[in-house]
Amino acid sequence: MIIVKGISASPGIAIGPAYIVKPDNTVIEKRRIPSTNTVWELRRFEEAVEKSMADLDASEAQVKSLLGSKYSKVINAHKLILKDPLLISAVKNKITNEQLSAEYALSVCVKEITSRFENLKEELFRERKYDLADVAKRLFENLTKKKQNKFSAIKEPSIIIAHNLFPSDTINLKSKNVLGFATDIGGKTSHTAILAQSMQMPAVVGLSDASLQIRDGDLIILDGETGVIIINPEPKILQDYKKEQIKISEAEQSLKNISSLPNETVDGHKVALYINYDPRRDVKAWDSFQSDGLGLLRTEFIYMDRFDPPGEEEQYQIYKKTAQKFGKRPVTIRLADLGGDKITQLGLGRREKESNPFMGCRGIRLFLKYPELMFTQIKAIVRTSAEVDCPVKIMIPMVSYAEEIREVKKVLKEIVREFSSNGIIPRHPLELGAMIEVPSAALSLDGILPEVDFVSIGTNDLIQYLIAVDRVNQEVADLYDPYHPAVLRTINFIIQGCRKKGKPVSICGEMASDPEMIPFLVGLGIDILSLSPRMFLRIKSVLRKLNFKDCANLAQAALLMTSSEEIENLTDNFPLSSD
Ligand code: PEP
Ligand code: MG
């Protein structure tokens, strides 16, 4: 048995035999053409471009009808490459000036452009080399009139193992016997990963040289939840994963029945269930429909992969579109939490590279240093609040001093006053909240609460800062422990502090989506859990099987415990009403 850790590109668990996709090792020979043939060679290349464009048009239509227009943009990106003079004119020049065959001229140009992509700092741009390679492959096929079909030999449901998969390959997997895929290279932002998620196909990428360690037919467990693959698992592990897989699919099916039932325990204690969103994703009607509101819009993602910050109008359009999906239910827009691992390419003057970015200029700290960014975003949010039916809430990330909230309030007040004089008035009172995710904010909550309308606990960061364990560092991943007594006690401290002052408190970190943690959080009296949409029904179903009094007892018992093991034991064995 071999376990290889990669990057989770798309959630879910798949188990099946490996189907190895061999790398394309076609060597393109340097071939010169007689000068009298250049016109004919150019024509051949142009025909291949035209044919490739027609193929892409067809794929675009297919993806649009299969997955929606958001995903057909991937194909559109390929069409733009095919129109790009950087590639097309360069190839034609090589054919004309150096009398090279179209195939060879294309291969040289692709190599040159790829090395330019590889030198770019931003991962997203570096990954565009895969799109270029995909377009080049299509052009080669149309020049040589030979189609490669990497998946033609799949005879049984399999897990694809490849050094790399192109987006066009990924689209084709939908109709094949494919359970999931794993690749050596690729990142979370690659189009291949984006497509896998949209097809709900489990996928793990960034596995280094895993494809060399696997043979055709090896049994593979692909765990897209944690980004791990297990090659030829031991029987016990295989059994556990099979159970988990069955549990997930049964749960998903039966969960659909509870979607219209109230979010409450068996003894009628209500907990509002919200969802978290990345604004780059379309809010699906289904997701918004079943939640009590939007608890965290991670707006920083709009600022990424670009050199200029998004303007007021662009942000307004995004927030408005998102908020409208929630009808009258509240929508919480977080001020951009840039910094930390959410690195920005924005031209913010000559910023020093931070040696401890998670402790550095992140979230509200960055906004207070670059107030024009804050002004633009708050203006867009205030405009949204004047336009939509739902209450709009603004949430401040990475608060460590009450003073930071007061600074935001000043800006908010100024903007609301300015807009009001122009008749742009929020339809509901604009609420302001603080994320409590830094220990100093938790411990000085009494100074923070008078400044805010609500509080949301960011457990992802709270755990990181409480235990001093970098949340993205693999070396210390085993120390990142949501069950640490300090974590539980701090959460209790925050919740009780809020309850005393009558301020609503939510949890929007991943802990809210951990089924085992729900009895404890409910027992502490949490008002709102904001969940990842994928976990929504699972958590709702747990909530609906709980007895509030038992949860309160469990929470009190857990708070007295001094080790994570004891706490985990307690929460793992907590009975649900229908168990
Ligand atoms: C958190 O820290 O728990 C949180 C919700 O914010 P993020 O994960 O975006 O830092
Ligand atoms: Mg956070």
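Whatever order the structure lists them in is the order used to number ligands and atoms, beginning at 1.
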With heavy atoms only and a cut-off of under 4.0 Å, state how Asn276 meets ligand 1: side chain, backbone, both or neither.
neither
Would you kindly specify which portion of Arg298 sits under 4.0 Å from ligand 1, judged on non-hydrogen atoms: side chain, backbone, both or neither?
side chain
Check ligand 1 against Glu437 and write out every atom of the ligand that is under 4.0 Å from a heavy-atom position of the residue.
1 (C), 2 (O)
Can Asp514 and Tyr483 be counted as having a side-chain donor-acceptor contact under 3.5 angstrom?
yes
Out of all atoms in ligand 1, which are within 4.0 Å of some heavy atom of Asp337? Include the element for each.
10 (O)
Please name the atom of Glu437, restricted to N, O or S, that is closest to the Mg ion (ligand 2).
OE1
Indicate, as side chain, backbone, both or neither, the part of Leu296 found under 4.0 angstrom from ligand 1 when only non-hydrogen atoms are considered.
side chain
Among Lys540, Lys270, His269, find the one that has a side chain to side chain donor-acceptor pair (under 3.5 Å) with Glu264.
Lys270
Minimum heavy-atom distance between Leu554 and Phe520, given as atom pair plus value
CD2-N, 3.5 Å
Any side-chain to backbone donor/acceptor pair from Tyr319 onto Pro279? Under 3.5 Å, distance only.
no
For Gly224, is there any backbone N or O sitting under 3.5 Å from a side-chain donor or acceptor partner on Ser8?
yes
Would you say Asp461 and Gln464 are linked by a side-chain donor-acceptor pair, where the criterion is simply a distance under 3.5 Å?
yes
For Arg362, atoms of ligand 1 separated by under 4.0 Å from a heavy atom:
10 (O)
Which ligand 1 atoms does Cys508 reach within 4.0 Å, using its non-hydrogen atoms?
5 (C)
At a 4.0 Å cut-off, with the gap strictly under it, does some heavy atom of Arg334 reach an atom of ligand 1?
yes
Does at least one non-hydrogen atom of Gln464 fall below 4.0 angstrom from an atom of ligand 1?
no
Kindly determine whether Asp389 and Arg427 satisfy salt bridge (Lys or Arg N to Asp or Glu O under 4.0 Å), including the steps that lead there.
CA-CA 7 Å; Asp389 288 336; Arg427 290 211 196 164; 2.6 Å; yes
List the steps and the verdict of side-chain contact (heavy atoms from CB on, under 4.5 Å) for Val469 and Asp481.
CA-CA 9 Å; Val469 52; Asp481 179 8; over 6 Å; no
Atom nearest to the Mg ion (ligand 2) - Asp461, N, O or S atoms considered:
OD2
List the steps, then state whether side-chain contact (heavy atoms from CB on, under 4.5 Å) holds for Tyr303 with Gln377.
CA-CA 11 Å; Tyr303 292 68; Gln377 183 167 34; 3.5 Å; yes
Per-atom filter on ligand 1: closer than 4.0 angstrom to a heavy atom of Gly458 are 1 (C), 2 (O), 3 (O)
Residue Asp461 vicinity, atoms of ligand 1 by number, heavy atom under 4.0 Å
1 (C), 2 (O), 3 (O), 10 (O)
